[in-house]
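A short write-up of the structure that comes next.
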Amino acid sequence: MIYQPEIECMDRESMRELQGKRLVETVAWEYANVPLYRARMDEAGVKPQDIKGIDDLSKLPFTEKTDLRDEFPFGLLAAPRSEIVRIQGSSGTTGHPIVAGYTRGDVAVWQQMVARAMSAAGVTKDDIVQVAYGYGLFTGGLGAHQGATELGAMVIPMSAGNTQRQLMMMKELGTTVLCCTPSYAIYLGETAREMGLKPGVDLHLKSGCFGAEPWTEEMRQKLESLFEFDALDIYGLTEIAGPGVAFECMEKHGMHVNEDHVIVEVIDPKTGEQLPAGTPGELVFTTITKKGQPMIRYRTHDICTLDDSPCACGRSAIRMSRITGRTDDMLVIRGVNVFPSQIEGVLVGIEGVSPHYQLEVDRVNSTDTLAVNVELTEDMFSDTVSSVEAVRRKIAEQIKSVVGISAKINLVPPKSIPRSEGKAKRVIDKRNLH
Ligand code: DLL
């Protein structure tokens, strides 16, 4: 079903006009209220009057994640603090978390964006939607919750984890739609199999909205065979709204971008030049209806390709491909953003280990795993087994508390991690090798 057909099926020319009008308003609002962006525009010699429509977008300077960190927590708010009704945040960034402030209107817009996504996944007021994304600062839980509520569906706010209980509720309440990270969905599906729960008999899922981490067509096939349903991709990021920035329809051929709320560009990450549809590059978003913390030309560092060919579903919005990589070194492990530098930060504070380490990310039984291989110092290497064990425990605990995920810690002999002359290879990501 198409939730808002008048917008979602609008002809491309009218959409560009609407975007242009909203862009002009957003730039004026941002320039008037956000000193950092005003200074950046001044530096680039661009005034709000120079932005007359969508063709002027490329005149505007970019915004980066570092801006959010530098201006943490409220420096990028464009609306008065008293108008902000919600803060959401992003997990695991170097040093500071990043947060986004939403006005009442911003929450309503976001809710509609997710409602469109869920509607494309077939959700109606008759559905029972189990939200197994984490609730909290992370936008997954509340985002999916609000979208399903907007459609009048019955929401089961499970949050992430507690797998047996998830499956018990799924069976007993008759869940029809599942929302969580794709890797967790596979884990749920495999556990359901082990418990002897059969699709069509014990479980009645018809679809699911899965995102917050990269996944593949192979994972889709696996998920669809486990649950006998339609598994759809949903994309988003805290800085822009949360889930629902873009979403797949039943054609399963790219994610429609909610273009009346965000303008999408793909740029060459080196030169910053806009690239045409069909050419892979870095995704950049400009919010055009947000008042609390608008983002102009925000560089996501996610890599994908745009597709402006017509879609058989009837929606006219441009589609983005799956995310195929990132331009920076951020890892998404079990839906949590992890920077190698965070782990480095933990290791340098612990006595008995050297700063030589390597992260090994893998996918075992459809779940991401993280192993941290770290060299002991010579002294510690010849110390007692129990003191080495104490170091291992300390590292594991601190990584869990700083990064938010559990890791296997392998303490290895001094000088056993390969050195390189240039940059150290800190990360071995084996997930795409399977
Ligand atoms: O992950 C928002 C979200 C929640 C999206 C639930 C979908 C479902 P952040 O924690 O700020 O927000 O992380 C954003 O996660 O820049 C991508 O690198 C990655 N990401 C999000 N969705 C997808 C997806 C949420 N469908 C970062 N495919 C983004 C691949 C994704 N990567």
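Atoms considered below: every heavy atom in the structure, side chains included; atoms not considered: hydrogens, waters and symmetry mates. Read the numbers this way: they start at 1 and go in the same order the structure lists the ligands and their atoms.
Interatomic distance, CG of Leu173 versus CD of Gln130, reported as 7.5 Å (0.5 Å rounding). Here the CG-CZ distance, from Asn410 to Arg392, works out to 7.5 Å after rounding to the nearest 0.5 Å.
Of all the heavy atoms of Ala212, the ones lying under 4.0 Å from any atom of ligand 1 are found in both the backbone and the side chain. In Arg322, neither the side chain nor the backbone holds a heavy atom less than 4.0 Å from any atom of ligand 1.
Residues Thr367 and Ser183 are not in side-chain contact: their nearest non-hydrogen atoms beyond the backbone lie 4.5 Å or more apart.
Residue-ligand proximity: Thr300 is placed with every non-hydrogen atom at 4.0 Å or more from ligand 1. Contact analysis leaves Gly143 out of contact with ligand 1, as no non-hydrogen atom separation drops below 4.0 angstrom.
Ion pairing between a basic and an acidic side chain is recognised when a charged N comes within 4.0 Å of a carboxylate O; Arg165 and Glu172 show no such pairing.
Heavy-atom proximity to Asp233, at under 4.0 Å, picks out these atoms of ligand 1: 24 (C), 26 (N). Near Gly211, meaning under 4.0 Å from one of its heavy atoms, ligand 1 places the atoms 7 (C), 8 (C), 26 (N).
By the 30° and 60° cut-offs, the orientation of the rings of His145 relative to Tyr135 is perpendicular.
Taking a 6.0 Å sphere around CZ of Arg104, one finds it holds 12 or fewer heavy atoms contributed by other residues, nucleotides or ligands.
At least one cation-pi condition fails for Arg334 and Phe138: the charged atom is not both under 6.0 angstrom from the six-membered ring centre and inside a 45 degree cone around its axis.
Closest heavy-atom approach to atom 16 (O) of ligand 1 within the set Val131, Asp302, Val336: this belongs to Asp302. Taking each of Thr216, Leu237, Leu142 in turn, the one with a heavy atom nearest to atom 12 (O) of ligand 1 proves to be Leu237. Of the candidates Ser321, Ala117, Gly236, Ala100, Gly236 brings a heavy atom nearest to atom 14 (C) of ligand 1. Ranked by closest heavy atom to atom 26 (N) of ligand 1, the top entry among Asn337, Leu331, Ile234 is Ile234. By heavy-atom distance, the residue among Ile323, Leu232, Thr238 lying nearest atom 9 (P) of ligand 1 is Thr238.
The side chain to side chain donor-acceptor pair (under 3.5 Å) test applied to Asn258 returns Arg116, not counting sequence neighbours.
Closest of all the heavy-atom pairs between Arg38 and Ala32 is NH1-O, 3.2 Å.
Not one N or O of Gly242 is nearer than 3.5 Å to an N or O of ligand 1, by distance alone. The shortest N/O to N/O separation between Tyr133 and ligand 1 does not fall below 3.5 Å. Not one N or O of Trp215 is nearer than 3.5 Å to an N or O of ligand 1, by distance alone.
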